[in-house]
Structures are given as structure tokens and as C-alpha cells.
J.: 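One structure, as C-alpha cells, below. Some questions next.
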There are 2 protein chains.
Amino acid sequence: MEVTNKKSLSEMAYDKIKEMILHLEIKPGERIPEERITEIVKCSRTPVREALRKLNEEGLVVSYPGRYSEVAKYSKEDIKKIGELRLAQDLLACQLAIRHGSNSELSVLKKISEKCRISAEKGNIFERIYYDSMFHLEITKIGKNQLLLENQTKLYMRIHLIQISKYTNIEDSITQISKHKDIIDALYSRDDKKARSLVCHHLKDFYDIDEEIINMYLD
Amino acid sequence: MEVTNKKSLSEMAYDKIKEMILHLEIKPGERIPEERITEIVKCSRTPVREALRKLNEEGLVVSYPGRYSEVAKYSKEDIKKIGELRLAQDLLACQLAIRHGSNSELSVLKKISEKCRISAEKGNIFERIYYDSMFHLEITKIGKNQLLLENQTKLYMRIHLIQISKYTNIEDSITQISKHKDIIDALYSRDDKKARSLVCHHLKDFYDIDEEIINMYLD
DNA sequence: CTTGACAATATTGTATACATTTCTTCTATA
DNA sequence: TATAGAAGAAATGTATACAATATTGTCAAG
């Protein structure tokens, strides 16, 4: 089977808007008139509309039908709820990776984690967030549940937006990333309880997840 | 704030296609040419395309860009993976409902469960599946995590399609539904371990979920 | 200074036309 | 009979026009 590289204008518009949002070139709360994108991508409104609808489904854009679309802006409450979902999905991903992942598949995680660390040290915040998402999504990929991967991909788009909107200093970044290594070790040794515990504590504080929710996965 | 009832043609096309799929008027694997829907909804292709893209995002339709769209058709493997995700999300939903739901909110579950039972006894399979989804989605609603509710709503669209595609006899239906009552009791008594155990066993067989995944939530 | 009404402007929703690509059918050839 | 290829039909991707709706700006009245 051949894979065609040719992208439709819809896809190009989608990629461009997504990139602009994730690089804060359009800020949360800012409106996105269709016309504005047609000027950038140099296409008509039809593909732009399609792209905006997709980004709306994925949660990066909020559309008010017949009125306007704007970049999503998450409240503290929203972030907590995203965290609850992320925790549930990340834990399932770990369990599946332990069950279905070979050591050679797991070894990819080391490389991604290393890239993440280097980006953090360089102070490149966008790159660091990008590789951090990639790290977690790779775990999901190894678990081989395509639907979970799709959900995680969408969820991590929101997480990306949250992370670039929050100020994070380099020390915190590096502390966080150092935990990646522990997770990798737990996966290699197929220690699911350890992996779960690590993931729970990795997320608990950032998302302010309730103790009771955490306990649900640890008892 | 006023709520406008006026639906756009896109929404009407979306509703119609969704209804047709969930009532097996278009069968899994069957192609959906845009033209066909324009004749039914009596609108141009523009709103129909929008509706199809949305259904594609939600998993009821599979689109091959530049080629065609068809009704999704799930393999045994797909169903297992849907089950894994459903379990994770249903369990989170229960935990949140226990934590954030009042008794009066929980009482709604009884009414829905009763409607579900009546539909099953009448032998109305579409109605039974509809109320069964509604029952589980109501638990999520009570948990008050809007993002989880959106994800669950989409997931239950797939589940609806799976359930109507599988033959289910009335006895099995009624046995399944009788378990709703136990779940309601566990939620009322705020017994999260009990609720989790019930949900796990409610889903395990239907989706053929691995023992290890189940144990992850029960230990 | 604030408020409300109205005009002007901007933006979205939808229909339609057409180019491009894919799918189907039919025929010529081996 | 099987197969490759071409012609025709069908379906999608995109641009554009216009109607309907929402937003913004202006100005007079309180």
C-alpha cells in the first residue's frame, strides 16, 4: 500500500491553526475568524471551516455556532478534570504497555525521554512539552489500543495548551522529567503496581487530583 | 440566557445520519455518498460534509479522504479495546458520582433503569439500548466532569452500534439490567469498592477484558 | 456619563459550480 | 477465460456568491 503525502487544503489549514495555537501565536480566548486563516493558508473558507470544526471536536477551539470560534481557555476546574481523565488513561496505557510491549519497544522511551531532558536543559519550552507528550503517547502506542491512542492524542493536545500557558521553571521541568526514568524501569520489570504508583504521583500535584481518586488506583 | 431551538442544516444532517446508523438503516460497512444524504435532508452537500466529518471524529463513520465514507464496522479486537476504555471511564465516572452526587441526583438512575427494564420486556431492542446508554451516561453526568461526559457520550455511540449489531436475547438483557440495581445501591451507600467490583464484572464478559486489566482496579 | 436604538460592518451558513480524483464498465488483446 | 487499459460515470475537494445573522460603532436621549 502506498502512502500519499499530498495534503488537502483542509489538512494544511488544520495543521497551521493547530501549530499557531500550540505556539501561542493565537492566545487562549482569542477569536479566530475564518477569513484570517484563509489569508495565511491562501485557500477559501471551505477548508478552513473544516479545520476549525475538527479542532473544536478535539478541544483546542471552542465554536459558538453562527457566531465565532476562539482558542480554548481552560479554568482551574477544567484542568483538574483533564487531569482526572489523563490519570485514568495513562494508567490503562501503562498496564497495556506492560502486557503487550517488548523490551525493544520499551527502549524507544529512553530515547524520547533523553530528548525531552535535553530540550529542558536548553530551555526550549515548546520542544520540552512536545517530547513530554511524545513520551507518554509512546507508552500508549506500545500498549496497542488504537482507540486509546486516539483519545490520548486529543487529550495531550489540551495538555500541551495547558502546559505552555503555565509558567514552568527549568528546575521543576528537570525534576519532572527525571521521573520518566523510574516509569521506564517499572515498565521494563513489568511491575504494574510500581508503574501505577509512579504515574499517580507524577500527576497528582500538577492537576490537584483528589486523594480518593488516587487511592482508587493504588489500594 | 436564551436557548435557541433553531437547528442548522449541518446539525439536522448530523442527527439524521446518526439516527440512520444507530437504527441500522445504513449498515456497518455500507458507503455513505454525500449525495444520498442531500436527498434525504434536502440541503446541499456543504452541511452534509460537515456532519460526516463530525461522525467520523466520533467513530461512527470511517472516512477515506478523497474517496468515500462508510459506516464503521468493529472487529472483535476493536470491541475488546472499546471495552478496555469503557471500563476505565465507567469506573472513574462511578468514583466521581459517589463523591459529587447527591441522593436526589442518584435517584434519577432508578427511573432510567426502570425504563430500560420495561423496554427490554417489551422486546424493544433499540429503546433498551438507548436507556442502557442513558443509565451509564447519567452516572457520568452526576460525577460532574464535563470532559469525561463528552468522551463517554462519544464512546457510547460506538457501544450502541456494537450492541445493535450483536444479537441479544431478552433473558440476557434482563439479567444485565438487573445488575443496574446493585450498582445504584453501591452508589447510594458510597461504597466505591463495591461499585467498582460490580462494574468490572458487568463488563468483563461482554468485552472479553483480560483478568489483569480487571485486577488493576480491584486489588 | 450611561443607555438604548439604529445603521454600518463583519462573519457565518449554505448553495452551487467546476476541477480533480476515484470508481466502474467495456473492449481489445493475449 | 483472464487481464490491461481506456472511456465514461460518479464522488469528492475547493472556490465563490449571496443570504442571514451577529457584532460594532454612532449618536441622541435621559
Side-chain angles (χ1 to χ4, degrees), chain A residues 1-21 25-73, chain B residues 1-21 25-73:
Chain A
M1 257 206 225
E2 284 228 30
V3 176
T4 173
N5 284 326
K6 217 175 180 182
K7 277 194 180 172
S8 69
L9 291 176
S10 304
E11 287 175 283
M12 283 167 51
Y14 170 83
D15 289 343
K16 185 61 190 170
I17 302 168
K18 180 173 163 183
E19 184 197 306
M20 288 174 76
I21 294 174
E25 289 161 25
I26 328 176
K27 300 220 164 40
E30 193 177 328
R31 291 192 188 182
I32 316 171
E34 295 166 3
E35 197 81 20
R36 177 173 169 190
I37 309 299
T38 64
E39 287 159 10
I40 296 171
V41 183
K42 278 152 188 41
C43 65
S44 76
R45 278 174 52 224
T46 313
V48 172
R49 285 176 64 81
E50 207 159 280
L52 283 172
R53 294 294 154 270
K54 188 165 184 211
L55 286 160
N56 178 52
E57 281 293 311
E58 296 173 340
L60 240 43
V61 163
V62 178
S63 294
Y64 302 95
R67 300 179 60 199
Y68 57 85
S69 296
E70 62 184 26
V71 178
K73 196 173 182 175
Chain B
M1 258 206 226
E2 284 228 32
V3 176
T4 173
N5 285 328
K6 218 177 180 181
K7 277 193 181 175
S8 67
L9 291 177
S10 304
E11 286 175 286
M12 283 167 51
Y14 170 84
D15 289 343
K16 185 62 190 169
I17 303 169
K18 180 174 163 182
E19 184 198 306
M20 289 175 75
I21 293 174
E25 289 162 26
I26 329 176
K27 300 220 162 43
E30 194 178 327
R31 291 191 187 183
I32 316 170
E34 294 166 3
E35 197 79 20
R36 179 174 169 190
I37 308 301
T38 64
E39 285 159 13
I40 297 170
V41 184
K42 279 154 187 41
C43 66
S44 75
R45 279 174 52 222
T46 313
V48 173
R49 286 176 62 81
E50 208 159 279
L52 282 173
R53 295 292 154 270
K54 188 164 182 211
L55 287 161
N56 177 54
E57 281 293 310
E58 296 174 341
L60 241 42
V61 163
V62 178
S63 293
Y64 303 94
R67 301 179 61 201
Y68 57 87
S69 296
E70 62 184 26
V71 178
K73 195 174 183 176

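Lettering of chains follows the sequences in order, A, B, ..., and the numbering in each one begins at 1.
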J.: CZ of R45(A) versus P of dA10(C): gap in Å, rounded?
T.: 15 Å

J.: Is K6(B) near enough to dA20(D) that one of its side-chain N or O atoms lies under 4.0 angstrom from OP1 or OP2?
T.: no

J.: Rounded off to whole Å, could you give me the CZ-to-C1' distance for the R36(B) and dT12(D) pair?
T.: 17 Å

J.: Find the distance K7(B):NZ to dT14(C):C1' and express it as a whole number of Å.
T.: 18 Å

J.: Working to the nearest 0.5 Å, report the span between NZ of K18(B) and CD1 of I26(B).
T.: 13.5 Å

J.: If you check the L9(A) side chain, which of dT14(C), dT14(D), dT12(C) turns out closest?
T.: dT14(D)

J.: When the distance from CD of E11(B) to P of dT12(C) is rounded to whole Å, what number comes out?
T.: 16 Å

J.: Just the rounded figure in Å: distance from C1' of dA15(D) to CD of E35(A).
T.: 13 Å

J.: Could you note down all residue pairs passing side-chain hydrogen bond (donor to acceptor under 3.5 Å, both in side chains) where residues 26-38 of chain A supplies at least one of them, sequence neighbours left out?
T.: E30(A)-R36(A), E34(A)-R45(A), E34(A)-R49(A)

J.: If you compare all heavy atoms of E70(B) against all heavy atoms of G29(B), which two are closest, and at what distance to 0.1 Å?
T.: OE1-O, 3.6 Å

J.: Could you tell me whether the phosphate oxygens of dT14(C), OP1 or OP2, come under 4.0 Å of any side-chain nitrogen or oxygen in T46(B)?
T.: no

J.: Measure CD/E39(B) against P/dA15(C) and give the value in whole Å, please.
T.: 14 Å

J.: Pair up each side-chain donor or acceptor in residues 55-65 of chain B with any protein partner under 3.5 Å, not counting sequence neighbours, and list the distances.
T.:
unit_1	atom_1	unit_2	atom_2	d
N56(B)	OD1	S63(B)	N	3.2
E58(B)	OE1	Y14(B)	OH	2.6
E58(B)	OE2	Y14(B)	OH	3.2
S63(B)	OG	S69(B)	OG	2.9

J.: Measure the distance from CD1 on I37(A) to C1' on dT14(D) and round it to the nearest whole Å.
T.: 17 Å

J.: Within residues 47-72 of chain B, which residues have any heavy atom lying less than 4.0 Å from an atom of DNA chain C?
T.: P47(B), G66(B), R67(B), Y68(B)

J.: Determine whether R53(B) and R53(A) make a side-chain contact, defined as any pair of heavy atoms from C-beta on separated by less than 4.5 Å.
T.: no

J.: With a 4.5 Å limit on heavy-atom distance, are the side chains of M20(B) and I32(B) in contact?
T.: no

J.: To the nearest 0.5 Å, how far apart are CD in E11(A) and CD in E50(A)?
T.: 9.5 Å

J.: Considering only side-chain heavy atoms of P33(A), which listed nucleotide, dT14(C), dA15(D), dT11(C), is closest?
T.: dT11(C)

J.: Figure out the CD/P separation between E34(B) and dT21(C), and round it to whole Å.
T.: 17 Å

